[in-house]
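Notes for the one structure printed next.
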Amino acid sequence: MRQNLEVRIDENRGYNIEISDSSFERLNRDIAEFTKGQKRLVIISKKVYKLYFQDLNFDKEELFIMPDGEQEKNYKNYLKIINKAIKLGLSRKDVIIAVGGGVVGDIAGFAASTYMRGIDFIQIPTTLLAAVDSSVGGKTAIDLPEGKNIVGSFYQPKKVFININFLNTLEKRQFLSGMGEILKYSFIENNCGYSSPLYFFEFLTLSYEKIMEKEPITIIRLIEYCLRMKISVVEKDEKEGGLRKVLNFGHTLGHALETITKYKKYTHGEAVAYGMRFVFDWAYNKEYISYSYYRHSIELLEKYGFKPFEKDMYDVDKLINIMKKDKKSDGKNITFIIPNDKKNVAETQLSLSDVERMFVI
Ligand SMILES: NC(=O)c1ccc[n+]([C@@H]2O[C@H](COP(=O)([O-])OP(=O)(O)OC[C@H]3O[C@@H](n4cnc5c(N)ncnc54)[C@H](O)[C@@H]3O)[C@@H](O)[C@H]2O)c1
């Protein structure tokens with residue numbers, strides 16, 4: 001089964017996303033066809049290399065094998081990638097390919113956007129999170145010790161090949177991490193402005209078993225729905241001037257939890273899910289949402305394994321300090337995306353004392 005989606009950023013920029021369960025031979029043919037005549041630098045996750053190198057038609061010389069983990073999304077690896085591109089003699093006409101999760105996609109995209117002021121870039125996501133989120137939309141980044149995604153760019157890929165066969169080897173925890181970002185789409189569906197209702201909240205509730213069994217048709221549809229919503233947002237607001245901020249639902253606290261635990265305790269999707277739960281509790285307490293919507297949302301989060309995080313485990317002042325430094329905040333107020341109606345969220349600026357109070361409800 002194959003599903004094609006198109007992203008149209010403006011008159012001159014657009015790309016195709018292909019979601020499929022086709023064989024790796026087919027994927028190899030498609031990549032070869034798409035990169036015909038180009039020199040290639042392939043940034044591949046070490047784990048994915050070990051699992052799939054024999055299935056993929058890449059030459060060893062064109063590979064940069066990235067060690068795994070968020071801590072590797074750093075400037076040292078970025079420079080190594082640039083050096084490898086120079087060593088391979090890549091010119092402006094050539095291409096960088098990312099094969100891995102969001103870590104590999106983000107750093108490879110950043111390298112592609114800066115090498116010779118920008119060369120072609122292809123995303124081949126191998127985690128659920130990368131398939132439904134990070135491989136599409138053009139956000140690229142590396143982390144600095146001072147914070148996550150501090151250095152980056154908006155740089156769209158030329159093509160995204162999503163082959164769901166990669167997901168078969170994903171650990172359950174990583175699969176559920178992808179579900180963290182996926183659940184987010186069910187809470188923001190109305191903001192996304194997709195042309196017709198997808199009933200995504202209901203889809204996630206009713207298809208739980210098929211999703212967890214990774215039934216191919218259901219997984220392709222799951223990815224397709226998320227991407228339809230993401231594309232709809234990105235086409236209207238590529239550089240996060242306004243609407244795109246809704247995609248940050250759950251991320252204010254989520255990023256702070258990742259930072260305070262030095263990226264060792266939570267996966268990205270888990271941190272986002274805890275961030276959404278935290279804000280749901282607060283919004284219900286403030287009577288921004290009905291009890292019925294609150295209860296259904298919490299039930300959905302819990303169905304996929306996301307319980308409330310234990311607030312007492314962390315020093316609230318430290319968490320607030322991290323949120324204050326977030327690039328989405330202005331230092332005085334902290335930006336939160338909060339639910340204000342069914343499947344609808346809004347951006348809100350909260351004072352530091354308001355945020356302190358969020359931790360005591
Ligand atoms: N650019 C964006 O718009 C955007 C959006 C969301 C998240 N992100 C970023 O994405 C990153 C998180 O991405 P992630 O969750 O994919 O994490 P990840 O890239 O760290 O991958 C998670 C783990 O899964 C392993 N893995 C990858 N593919 C596998 C496969 N097919 N089988 C078995 N194991 C496999 C990896 O080796 C790694 O250990 C974060 O850095 C986050 O900031 C970016």
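Each ligand, and each atom within it, is numbered from 1 in the order the structure gives. Just so you know, these numbers use all the heavy atoms, side chains as well, and skip hydrogens, waters and symmetry mates.
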Every residue of the protein that comes under 4.0 Å of ligand 1, judged on heavy atoms | Ser45, Lys47, Val48, Leu51, Tyr52, Asp68, Glu70, Lys73, Gly101, Gly102, Val103, Asp106, Thr126, Thr127, Leu129, Asp133, Ser134, Lys139, Lys148, Asn149, Phe166, Thr169, Leu170, Gln174, Glu181, Lys230, His268

Lys/Arg N to Asp/Glu carboxylate O, Arg221 vs Glu215, below 4.0 Å = no

cation_pi(Lys214, Phe175) dist<6.0 Å, angle<=45 | yes

Any Lys/Arg nitrogen of Lys47 or Glu171 sitting under 4.0 Å from an Asp/Glu carboxylate oxygen of the other?
-> yes

Quick one: is the NZ or CZ of Lys303 closer than 6.0 Å to the six-membered ring centre of Tyr208, and within 45° of its axis?
-> yes

Please determine if Glu302 and Lys307 form a salt bridge, counting it only when a charged side-chain N lies under 4.0 Å from a carboxylate O.
-> no

Among Asp30, Val160, Ile162, the one residue meeting side-chain contact (heavy atoms from CB on, under 4.5 Å) with Glu18 = Asp30

